[in-house]
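Atoms considered below: every heavy atom in the structure, side chains included; atoms not considered: hydrogens, waters and symmetry mates.
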Amino acid sequence: MAEPKLGQPVSRRLGDLLVREGLINQEQLQRALAEQKGSNEKLGSILVRHNVITDDQLIAFLSKQYGIPSITLSQLDIDADVLKLVPAPIAKKYEVLPIKRAGNSLTLAMADPTNVFAVDDVGFMTNLQVVPVVASQGAIRKAIDRLYEAQGSGMAEVISEMEGSAGDVEVVEGDEESWAKADIFELKESADEAPVVRLVNMILVDAIRRGASDIHLEPYEKVFRVRFRVDGVLHEIMTPPKRLEAALTSRVKIMSNLDIAERRLPQDGRIKLRYSQREIDFRVSTLPTIFGEKTVMRILDKESLQLDLTMLGFDPWSLEQFTKAIHQPYGMILITGPTGSGKTTTLYSAIHNINSPDVNIMTAEDPVEYNLKGVNQVQVNEGVGRTFAAALRSFLRQDPDIILVGETRDLETAQIGIRAALTGHLVLSTLHTNDCPSTVARLLDMGIPPFLVSSALTLILAQRLGRKICKDCKQPYEADEESLTPYGHVPQGLGKVQFHKGKGCHTCSFTGMKGRVAVYEVMPVSEELRELILRNAPSAEIRELALSQGMKTLRQNALQKVLDGVTTLEEVLRVTLA
């Protein structure tokens with residue numbers, strides 16, 4: 001607490017110097033000094049607040065007086081990693097702000113550059129050489145509130161409150177599943193406590209604000225962490241104390257109508273949340289791990305669902321082929337890709353595109369993620385025998401025109417789907433394969449005869465989701481088109497081109513990437529391809545023929561998006577295979 005002792009003589013000296021410079025008079029100084037007594041506000045801030053001098057005059061004076069550069073904080077973008085070097089409580093205590101790190105030095109904005117305690121503490125904590133710069137107290141306070149709030153300091157306050165109020169929830173040491181034996185009444189009681197409720201609500205709202213697709217609550221041996229998947233990449237958001245794990249997990253279970261007493265078996269549930277006039281669903285899944293229950297919440301935001309095919313990321317040729325296929329009267333269209341690659345969005349967009357009052361569209365989904373107007377949607381429930389195959393059989397007795405099967409998981413579902421495609425129905429479904437040519441091999445491997453596959457298939461589409469460059473901090477740089485050739489790009493003779501990258505700003509949480517775009521590989525099944533499928537040709541031969549007929553691979557389509565300035569080469573290499 002040496003800072004206040006240091007502060008008063010400094011203020012007095014600063015006031016005398018300002019009087020000597022003619023920036024203020026003695027009367028104004030005495031009034032400001034009287035107001036400063038008993039407060040932590042700097043003399044300069046009081047003078048600025050009373051319009052005796054301007055902020056710029058004060059900073060310029062301090063900079064000249066101490067021989068230290070000045071800085072304007074209002075428009076400054078500070079890297080999230082630099083902010084983490086100085087925790088919010090220390091920044092607020094000393095009224096300092098880390099600006100940038102260069103090698104072994106840290107530039108630190110300070111309202112009082114003479115405060116050696118602040119310099120020593122920050123230097124000791126970061127193990128870096130502190131280089132002070134001058135900024136006004138008001139600007140530093142505003143910047144701390146703005147920047148650290150974005151880092152989730154509001155949650156930190158709730159956690160500190162919880163640490164005091166949730167002490168009755170203890171993890172019992174012992175055998176590997178001792179966490180499963182906590183008292184149920186204690187769990188219920190701690191889960192209903194105000195700080196727990198507030199923290200869970202804050203986590204949900206923060207995830208919505210950041211545009212996250214999933215929330216992970218993860219227990220480990222000594223820590224408990226919260227991560228959000230934003231634009232397909234996981235980011236660690238906070239690490240609440242391990243002792244609060246049971247209370248947080250139980251609160252989520254209560255919200256999703258799950259059994260808080262059952263802690264040894266996986267459970268699935270849903271939460272419906274109303275936030276800013278929007279209804280948002282969370283699909284909740286709990287899974288017992290060796291150190292506790294892991295909870296994952298998938299966020300289903302109906303308003304963020306993009307149903308316009310032209311906005312999804314198709315190149316003109318692929319869009320033309322896909323649109324042509326979905327307007328065929330019958331046949332099977334398969335959409336492939338790993339979990340979280342946007343298959344459902346593409347399926348829903350296709351259905352939305354062909355939906356009209358004169359067709360009967362029926363879907364079997366697990367789960368039904370979004371409600372589509374004018375579409376008969378069926379929720380698959382294997383517990384009561386309502387499987388994909390059973391739903392599909394019933395559909396054929398319901399006079400359908402278009403059938404959507406959420407996922408072709410087994411031979412029976414695939415057989416019924418293909419037969420439906422051969423008997424005058426348009427069937428859309430998804431399959432887990434890596435690309436279009438290998439989808440044919442997967443269907444044959446499931447046990448479907450080649451003549452059925454070749455007759456039924458109309459088009460196969462493979463897709464991935466890649467992050468887009470943030471529009472707010474997008475920067476061009478010059479490169480050569482030839483530099484993409486080693487990664488699978490077919491040169492177009494463009495020579496010198498402009499690539500883009502994100503510098504990092506508040507909009508994209510300093511990642512340089514914001515939002516996602518789909519990358520597609522579209523393979524229409526031509527007569528020549530049917531011949532190859534019929535004689536069970538290898539995937540390599542199917543791929544070669546498809547490429548000669550106009551198909552572009554996932555990698556080629558993704559590299560085109562680099563040339564178009566939509567994404568970066570690093571992102572392409574992350575989401576696609578050569």
Counting only N and O atoms by type, is there a donor-acceptor contact under 3.5 Å from the side chain of [X] to the main-chain atoms of [Y]?
X: Glu478; Y: Gln498; result: no
X: Ser70; Y: Ser63; result: no
X: Glu521; Y: Leu554; result: yes
X: Ser250; Y: Ala246; result: yes
X: Ser483; Y: Ala479; result: no
X: Thr576; Y: Leu573; result: no
X: Gln475; Y: His500; result: no
X: Thr485; Y: Glu482; result: yes
X: Lys343; Y: Arg464; result: no

Sub-4.5 Å side-chain heavy-atom contact between [X] and [Y]:
X: Tyr487; Y: Arg555; result: yes
X: Phe224; Y: Leu244; result: no
X: Tyr370; Y: Leu300; result: yes
X: Leu465; Y: Val517; result: no
X: Leu128; Y: Val122; result: no
X: Met255; Y: Asn201; result: yes
X: Arg101; Y: Thr107; result: no

What closest approach, in Å, do [X] and [Y] show between heavy atoms, and which atom pair accounts for it?
X: Cys473; Y: Gly512; answer: SG-CA, 4.3 Å
X: Pro113; Y: Val134; answer: CG-CG2, 3.5 Å
X: Ile99; Y: Ile71; answer: CG2-CD1, 3.9 Å
X: Pro98; Y: Leu83; answer: CG-CA, 4.1 Å
X: Asp231; Y: Gly515; answer: OD2-N, 2.8 Å
X: Phe499; Y: Asp480; answer: CZ-O, 4.2 Å

Test side chain to side chain donor-acceptor pair (under 3.5 Å) applied to Glu27 - qualifying residues, sequence neighbours left out: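 Applying side chain to side chain donor-acceptor pair (under 3.5 Å) to Glu27 gives Arg31.
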Stepwise side chain to side chain contact (heavy atoms under 4.5 Å, CB included) test for Leu106 and Val131: CA-CA 6 Å; Leu106 176 69; Val131 179; over 6 Å; no
Identified side chain to side chain contact (heavy atoms under 4.5 Å, CB included) counterpart of Arg251 within the set Ile203, Leu199, Val197: Val197
Under-4.0 Å salt bridge between Lys253 and Glu293: yes
Asp281 and Arg270 ion-paired at < 4.0 Å: yes
Cation-pi geometry met for Lys501 and Tyr477 (6.0 Å, 45°):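 Yes, Lys501 and Tyr477 form such a contact.
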Which pairs would a plain distance check flag for residues 558-568, meaning a side-chain donor or acceptor within less than 3.5 Å of a matching protein atom at least two apart in sequence or in another chain?
unit_1	atom_1	unit_2	atom_2	d
Gln560	OE1	Gln492	NE2	2.8
Gln560	NE2	Asp564	OD1	3.1
Lys561	NZ	Gly313	O	2.7
Thr567	OG1	Arg467	O	2.7
Thr568	OG1	Glu571	N	3.3

Trace of the side chain to side chain contact (heavy atoms under 4.5 Å, CB included) decision for Thr295 with Leu248: CA-CA 10 Å; Thr295 306; Leu248 289 173; over 6 Å; no
Side chain to side chain contact (heavy atoms under 4.5 Å, CB included) evaluation trace for Phe228 with Leu234: CA-CA 6 Å; Phe228 292 169; Leu234 280 167; over 6 Å; no
Side chain to side chain donor-acceptor pair (under 3.5 Å) between His489 and Gln556, intermediate numbers included: CA-CA 6 Å; His489 177 65; Gln556 287 168 348; over 6 Å; no
Chi angles and distances behind the side chain to side chain contact (heavy atoms under 4.5 Å, CB included) call for Val296, Ile215: CA-CA 6 Å; Val296 176; Ile215 303 167; over 6 Å; no
Lys474 NZ: over 12 foreign heavy atoms closer than 6.0 Å: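 Buried by this count: over 12 neighbours within 6.0 Å.
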Sequence neighbours excluded, every pair satisfying salt bridge (charged side-chain N to carboxylate O under 4.0 Å, His left out) that has a member inside residues 215-229: Glu218-Arg225, Glu218-Arg227, Glu218-Lys294, Arg225-Glu236
Residue pairs involving residues 488-498 (criterion salt bridge (charged side-chain N to carboxylate O under 4.0 Å, His left out); sequence neighbours excluded): none
Separation between SG of Cys470 and NZ of Lys503, rounded to the nearest 0.5 Å: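 The SG atom of Cys470 sits 11.5 Å away from the NZ atom of Lys503.
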Partners passing side-chain contact (heavy atoms from CB on, under 4.5 Å) against Ala118 (at least two apart in sequence or in another chain):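 With neighbours one apart ignored, the set is Tyr94, Val96, Met110, Asn115.
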ring-ring contact (aromatic ring centres under 6.0 Å, His included) partners for Tyr520, two or more places apart: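 Applying ring-ring contact (aromatic ring centres under 6.0 Å, His included) to Tyr520 gives Phe314.
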Side chains of Asp315 and Ser318, donor plus acceptor under 3.5 Å: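 Result is yes, a qualifying pair exists.
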